[in-house]
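Just below is one structure, and these are the notes that go with it.
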2 protein chains.
Amino acid sequence: MSSENENGGQVTIRHVAARAGVALSSVSRTLSGHPDVSPAMRAKVEEAVKALGYEPDFLAQSLRSGTTRNIGFIIRDIANPLFALVARACEQELRRNGYSMILMNSDGSVETESKNLMLLRRRRVDGVIASLVAEDSPYIKKTILSLRRPLVLLDRDMKDLNASAVITDHYTGVFEATKHLLDKGHRRIAFVTGSENVYTTRDRLRGYRAAFTAAGEEVSEKWMALGGFDPEYALVHTRNFLSKNPRPTAIIAGGIGSTAGSLRALNELEIEIGKDIAFVALDEWPLFDIFRPKISSVYRDAQAMGVEAAHLLLEMLNGKNPSESVIETKFTARTSSEGGL
Amino acid sequence: MSSENENGGQVTIRHVAARAGVALSSVSRTLSGHPDVSPAMRAKVEEAVKALGYEPDFLAQSLRSGTTRNIGFIIRDIANPLFALVARACEQELRRNGYSMILMNSDGSVETESKNLMLLRRRRVDGVIASLVAEDSPYIKKTILSLRRPLVLLDRDMKDLNASAVITDHYTGVFEATKHLLDKGHRRIAFVTGSENVYTTRDRLRGYRAAFTAAGEEVSEKWMALGGFDPEYALVHTRNFLSKNPRPTAIIAGGIGSTAGSLRALNELEIEIGKDIAFVALDEWPLFDIFRPKISSVYRDAQAMGVEAAHLLLEMLNGKNPSESVIETKFTARTSSEGGL
DNA sequence: GACAATTCTGGAATCGGTTCCATTTTACGA
DNA sequence: TCGTAAAATGGAACCGATTCCAGAATTGTC
């Protein structure tokens, strides 16, 4: 259990070799399961390992083998409940396969993200899983290319990167949600979410537009606020929409942060959700099904995203080519999308 | 930017030395800011570093220096919103100080936790921050002692471990919350939370009992369910309490998971919170202030916990002795603690 | 101009493993 | 019994850095 000898120093393979009275190369061979090891040797080495409580040093192994069994995981914000679920599932799956996860928050900043990537490269992680802040930063692109390690993107669509990706079929869910509102008679449906420099927004927007088109209605840019996933942005723009006359009869908030900000604005103005206005959230908070008002939402399985990301990365680490995995979305109408008309 | 040469191999200090036409020890000295370096040498080395895009390898530096600048972070579940906030703040603070965080979920299992600790030891992390599953496992205690690295405990009270700790003053908040309910006339106040093998529960229980005593009332074990922080446990036991006759007029749920489970039980049974029953949560979910019913709660600053944990660890890494940092709690009455009588 | 003190620099050892290569030992068939 | 192939083992190089030590170059002083 100890892995440290009585002098406080670390127990190394040399100590084991000395105690067993063999060469250290023999100890290494024995422990790494090399075939050319006699039973006598095995016995001697195992006795010494046990007696000294020897544990091989990951660091030294990594330096020699060139593989750290460390995976970098970069997201905007681990406190985002969706990302937290992704991270948990992903960490479990990686751990199960002998890898550890180095977690880094990018805080929504391209600069921090880029620094983090460079740090991960210096730390020689075997691979990276990332939810990038933006797809259109040439700087990030260059940094990523210099990684030269397997990469899995979360919900991003970037070519020439030789990366795998877990992408979400936002289109279907958002189409259904928008259609649901249009069917009820809503026409002024505000859409508050992050900017179009990420696939997430583009695919959601595609669903939103398609539903209008399918209903034979015009989409108006006027009711779109596509500027950021942070609650503050959604708060400000929801407030702004609600001060218009006529104001929107429904709001779709895209993403966890936007939902928080939008709900806060409605709360401030004491507009009752599901009665004075219809509301749909894209992505779910925990407890959505318990709290009142029950929030209508487009759901996706965050845990599956984490597991898939881990699998795609493990596949690449085993030499396979990059590939994509698609996560479904499902719209569920609850009480929050009632009223408003 | 690249750190790889045209052959795809890593650029090492040897390449730099060769290009600059100097010894590799001189390169090392130059880069590590050793005083005995001539301006001419500095210029040659810096040119070569720039030209080759050299970046020192963390792994090799770690092996040589014996310090990895990696910190292990072990919690039950990163998807717990409280832990997620702690983790985010902690990671930011560590990163700011040049450390990276290796995240591991213990999934509430002592065995997983212990395996994780052993893995962190093998990875030679410089320190560990942990929210242990239980305080009374001699096995964990032994594993921790064998770590021989600075350790910061989150909300745990364990002696003989030579660890720092961020502890929460649950007593005050829970006392206030319980007093609030007693003052309103509640006597059957159910308490659903994790088991007494963690400080968290013991300190909360102390506040709960003290409030009864202060009010001249008897505490009954009958209304306590102290068996686990998982939602499932709280669900089952809340259900059970509510099937009794007479049933509790108020419920205190301790912790994020317990709150989720308890709320789910109330939801199932269609008991209206804040009207049919009074409800108080210990620790907050995000959006507590927005959703209806507005949940009365005992709040603590999770971000501060993360920052404090990082600071305590950094202090120990700088050779200081272990110490403790206390986080306050504050009870806020909202609508959920109305009614029930 | 000579000598001592100081500043720089290069070589080698080291961190803790893995793996190649050469040598010794064993096993087996002729 | 001998020869050869296979199995087993030890020694040394290596992964990519840091640091000690010794020697070279420079500076300063008399």
Side-chain angles (χ1 to χ4, degrees), chain A residues 3-5 7-46 48-49 52-70 121-126, chain B residues 3-5 7-46 48-49 52-70 121-126:
Chain A
S3 104
E4 312 224 345
N5 62 21
N7 312 326
Q10 196 185 353
V11 174
T12 74
I13 200 167
R14 272 156 243 269
H15 297 120
V16 176
R19 159 135 190 162
V22 300
L24 82 173
S25 53
S26 298
V27 177
S28 177
R29 263 191 305 264
T30 305
L31 296 179
S32 62
H34 191 98
D36 293 348
V37 171
S38 70
M41 173 67 80
R42 164 145 289 123
K44 277 191 285 185
V45 170
E46 281 173 355
V49 165
L52 300 174
Y54 169 76
E55 287 183 322
D57 183 335
F58 239 98
L59 228 51
Q61 288 182 320
S62 297
L63 180 61
R64 180 62 225 232
S65 68
T67 155
T68 56
R69 298 189 85 78
N70 266 145
R121 181 180 59 203
R122 285 228 295 154
R123 284 204 179 276
R124 295 236 237 147
V125 293
D126 291 346
Chain B
S3 105
E4 313 224 345
N5 62 20
N7 312 326
Q10 198 186 351
V11 175
T12 75
I13 201 168
R14 269 158 249 269
H15 297 121
V16 177
R19 161 134 190 162
V22 300
L24 81 175
S25 53
S26 298
V27 177
S28 178
R29 263 191 304 264
T30 306
L31 297 178
S32 62
H34 191 98
D36 293 348
V37 171
S38 69
M41 173 68 79
R42 165 145 288 124
K44 279 191 284 185
V45 170
E46 282 173 355
V49 165
L52 299 174
Y54 168 76
E55 287 182 324
D57 184 335
F58 238 100
L59 227 50
Q61 288 182 321
S62 297
L63 179 60
R64 180 59 224 236
S65 68
T67 154
T68 56
R69 297 191 84 79
N70 266 146
R121 182 179 59 202
R122 286 228 296 154
R123 284 204 179 276
R124 294 237 235 147
V125 293
D126 290 346

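The analysis underlying the following values was restricted to heavy atoms, covering all of them including side chains, and did not include hydrogens, waters or symmetry mates. Chain naming here is simple, since letters A, B, ... match the order of the sequence lines and numbering starts at 1 in each.
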Between [options], which one does the side chain of [X] approach most closely?
X       : options                : value
A/Arg64 : D/dG16, C/dG16, D/dT9  : C/dG16
A/Arg14 : C/dT18, C/dG10, C/dG16 : C/dG16
A/Val22 : C/dG17, D/dG16, D/dG10 : D/dG10

message: Does B/Arg122 reach a base, just sugar-phosphate, or nothing at all? Heavy atoms under 4.0 Å.
response: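 No contact at all - B/Arg122 keeps every heavy atom at 4.0 Å or more from the nucleic acid.
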Taking only side-chain N and O atoms of [X], does any of them lie within less than 4.0 angstrom of OP1 or OP2 on [N]?
X       : N      : result
A/Thr12 : C/dG16 : no
B/Gln61 : D/dG16 : no
A/Ser25 : C/dT19 : no
A/Tyr54 : C/dG17 : yes

Interatomic distance where [atom1] belongs to [X] and [atom2] belongs to [N] [whole Å]:
X        : N      : atom1 : atom2 : answer
A/Arg123 : D/dA17 : CZ    : C1'   : 15 Å
A/Phe58  : C/dC15 : CZ    : C1'   : 18 Å
B/His15  : D/dA17 : NE2   : C1'   : 14 Å
B/Leu59  : C/dG17 : CG    : P     : 13 Å

Closest heavy-atom contact between [X] and [Y]?
X       : Y        : result
B/Gly33 : B/Arg42  : CA-NH2, 4.5 Å
A/Pro56 : A/Gln61  : CB-NE2, 3.5 Å
A/Thr68 : A/Asp126 : N-OD1, 2.9 Å
A/Met41 : A/Val37  : CG-CG1, 3.8 Å

- line: From the list B/Val49, B/Val27, B/Val22, side-chain contact (heavy atoms from CB on, under 4.5 Å) with B/Lys44 holds only for B/Val22
task: Name every residue in residues 30-42 of chain A that has at least one heavy atom under 4.0 Å from any atom of DNA chain D, in order of residue number, or write none if there are no such residues.
output: A/Pro35, A/Asp36, A/Val37, A/Ser38, A/Met41
- request: Mind jotting down which residue pairs meet the salt bridge (Lys or Arg N to Asp or Glu O under 4.0 Å) criterion with at least one end in residues 16-33 of chain B? Sequence neighbours excluded, please.
  value: B/Arg19-B/Glu47
message: Pick the closest DNA chain C nucleotide for A/Leu63 and for A/Ser26 by heavy atoms, then say which residue is nearer the 5' end.
response: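 Result of the comparison: A/Leu63.
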Earlier contact from the 5' end, DNA chain C, for A/Arg29 and B/Leu24: B/Leu24
- request: Begin from the C-alpha positions of A/Asn70 and A/Arg123 and carry the test side chain to side chain contact (heavy atoms under 4.5 Å, CB included) through to its verdict.
  value: CA-CA 9 Å; A/Asn70 266 145; A/Arg123 284 204 179 276; over 6 Å; no
